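What you see is a predicted model, and the numbers here were worked out from it, not measured in a lab. Read the numbers this way: they start at 1 and go in the same order the structure lists the ligands and their atoms.
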Amino acid sequence: MKLTPEERKMYSGGYGNAVQTAMEILVALGEIYGAKRMVPVASVQVSGVSYHNLGDAGLEFLEDLAKDGKARVLTTLNPAGMDLEDWKHLGISDDFAEKQLRVIRAFAKMGIVVSCTCTPYLVGNLPRFNEHVAWSESSAVTFANSVLGARTNREGGPSALAAALTGRTPEYGLHLDENRQAHVHAHVKARLESTSDFSALGWVLGKKIGNRIPFITGVKRASVEELKSLCASLPTYGGPSLFHIKGITPSKPKKPKDMVVITQDDIEEAYAALNEDEDAVDFVAIGCPHASIGEIRRIAGLLRRRRVKAEFWIATARQTKELADRAGYTKAIEDAGAKFACDTCMAVAPLRGRFRVMAIDSAKGCYYARGSNNFKTRFGTLEECVEAAVSGRWASFRKPRKKGASSG
Ligand code: F3S
């Protein structure tokens with residue numbers, strides 16, 4: 001790789017141990033993937049924050065880097081393993097909390113913003129079209145590439161942290177024009193009208209097109225919440241970290257000749273696969289990816305003057321929760337017995353063995369609930385999930401739709 005004089009100084013230790021380690025990681029990565037040079041990045045999103053996943057080895061690696069490492073660009077953090085201010089109300093042990101707080105202190109010492117959210121784009125880390133960034137967290141990476149038109153590979157925690165400490169990333173993969181073209185035309189002939197429908201679309205696309213980048217047609221409208229839902233499920237179920245939707249996302253690739261059609265039956269198949277035959281629900285989670293203020297507003301409206309029977313978590317960024325506090329949504333939600341889980345989520349918190357059946361509107365959430373926590377899952381709309389929280393039972397009022405209905 002060709003390095004600039006500044007990058008060579010980083011590589012040879014002229015800026016200290018942490019920067020040298022970081023540059024070594026990036027050069028090794030660049031050489032593996034055939035990058036010719038580094039590109040400066042405008043921002044970084046770092047995953048691998050939960051002590052649950054890091055363990056003691058990860059904690060020591062971070063504390064070592066924090067001795068002399070400082071972020072050179074705006075860097076935000078993915079969810080941690082607990083609510084950083086009020087972990088007790090989520091049933092997290094003090095031992096776990098002590099280790100998790102050490103992880104957070106190491107990141108903060110490196111000048112990293114302790115945002116602890118997988119939706120950095122909702123709280124101020126918002127790259128523009130064509131800007132190079134180095135993000136980890138598959139849903140955020142896919143949102144940055146597809147919805148914002150920024151350019152990032154799907155970084156791991158260490159390579160994203162290395163980009164933060166150097167302000168650079170190797171130029172390969174989705175940083176290059178030639179790798180951002182669509183490979184397959186995916187025409188949607190199904191009605192999509194909720195976050196769970198878009199989440200189901202990601203499940204279907206992952207199965208049908210694998211890692212090929214789709215140019216999607218037939219989708220006439222999509223809210224930011226629906227797009228973030230699709231961005232979470234598509235890479236989780238084997239799809240790529242970039243898609244284009246005609247008339248909705250900003251890039252304008254050529255329409256590929258190879259075509260697949262997504263039918264209403266395909267969407268129904270996703271709902272069937274993500275739902276297990278369980279009536280009683282003891283855990284409901286909304287906010288995968290982290291809930292927007294709009295979603296919290298809807299939940300507050302649905303819960304007003306009601307009580308929940310199941311444990312109900314709303315995972316969100318702390319900054320978003322502060323908006324909910326001011327708007328009165330928090331009071332309506334907490335009066336009903338539901339809880340905010342700020343800074344964390346149901347996938348990275350240590351929840352194994354605590355619940356049996358989880359209801360959620362996210363296909364990605366189902367994947368982690370089953371894989372990491374061994375929960376059974378119920379998958380449906382946000383409204384169905386709220387009703388499950390109130391009654392403690394699953395009742396689907398989403399009607400399977402007729403074949404061939406067009407999107408709208
Ligand atoms: Fe975010 Fe956790 Fe889902 S990191 S995308 S809420 S699994």
K.L.:
State whether a side-chain donor-acceptor pair under 3.5 Å links Ser196 with Tyr271.
P.N.:
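There is such a pair (donor and acceptor under 3.5 Å, judged by atom type) between the side chains of Ser196 and Tyr271.
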
K.L.:
Considering only the protein, which heavy-atom contact is closest to atom 5 (S) of ligand 1, and what is its distance?
P.N.:
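Looking at atom 5 (S) of ligand 1, the protein heavy atom closest to it is Lys364 NZ, 3.5 Å.
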
K.L.:
Regarding His244 and Ser146, is there a side-chain donor-to-acceptor distance under 3.5 Å anywhere?
P.N.:
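Judged by distance alone, the side chains do not pair up.
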
K.L.:
Using 30° and 60° as the class limits, which term best fits the ring planes of Tyr172 and Tyr33: parallel, tilted or perpendicular?
P.N.:
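The rings of Tyr172 and Tyr33 lie parallel, inter-plane angle below 30°.
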
K.L.:
Number the atoms of ligand 1 from 1 as they appear, then name those within less than 4.0 Å of a heavy atom of Glu137, with their elements.
P.N.:
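Counting from 1, the qualifying ligand atoms are 4 (S), 5 (S).
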
K.L.:
Got Glu171 and Met38 here, is their nearest side-chain heavy-atom distance under 4.5 Å?
P.N.:
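In short, these two side chains do not touch, never coming nearer than 4.5 Å.
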
K.L.:
Considering heavy atoms of the protein only, find what lies nearest to atom 1 (Fe) of ligand 1 and give residue, atom and distance to 0.1 Å.
P.N.:
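So the nearest neighbour among protein heavy atoms is Cys118 SG, 2.4 Å.
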
K.L.:
Tell me whether Glu384 contacts the main-chain N or O of Phe397 through its side chain, where contact means a donor paired with an acceptor under 3.5 Å.
P.N.:
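Answer holds: yes.
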
K.L.:
Can you classify the ring geometry of Tyr121 versus Trp135 as parallel (below 30°), tilted (30 to 60°) or perpendicular (above 60°)?
P.N.:
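Parallel: the ring planes of Tyr121 and Trp135 meet at under 30°.
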
K.L.:
Which residue supplies the protein heavy atom nearest to atom 7 (S) of ligand 1, what is that atom called, and how far is it?
P.N.:
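Checking every protein heavy atom, the shortest distance to atom 7 (S) of ligand 1 gives Ala347 CB, 3.5 Å.
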
K.L.:
Considering the heavy atoms of Ser139, write down every atom of ligand 1 situated less than 4.0 Å from one of them.
P.N.:
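Contacts of ligand 1 toward Ser139, numbered from 1: 5 (S).
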
K.L.:
Give a yes or no on whether the ring-centroid distance for Phe96 and Trp87 is below 6.0 angstrom.
P.N.:
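No, the ring centres sit 6.0 Å or more apart.
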
K.L.:
Yes or no: does Pro79 have any heavy atom under 4.0 Å from an atom of ligand 1?
P.N.:
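For ligand 1, residue contact (heavy atoms, under 4.0 Å) with Pro79 is present.
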
K.L.:
I'd like to check which ligand 1 atoms, numbered from 1 as shown, lie under 4.0 Å from a non-hydrogen atom of Gly287.
P.N.:
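Answer, ordered by atom number: 6 (S).
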
K.L.:
Atom 3 (Fe) of ligand 1: which protein heavy atom is closest, and how many Å away?
P.N.:
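Result for atom 3 (Fe) of ligand 1: Cys288 SG, 2.4 Å.
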
K.L.:
For atom 2 (Fe) of ligand 1, decide whether Cys345 has an N, O or S atom at a distance under 2.8 Å.
P.N.:
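Looking at Cys345, which is the residue asked about, there is an N, O or S atom under 2.8 Å from atom 2 (Fe) of ligand 1.
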
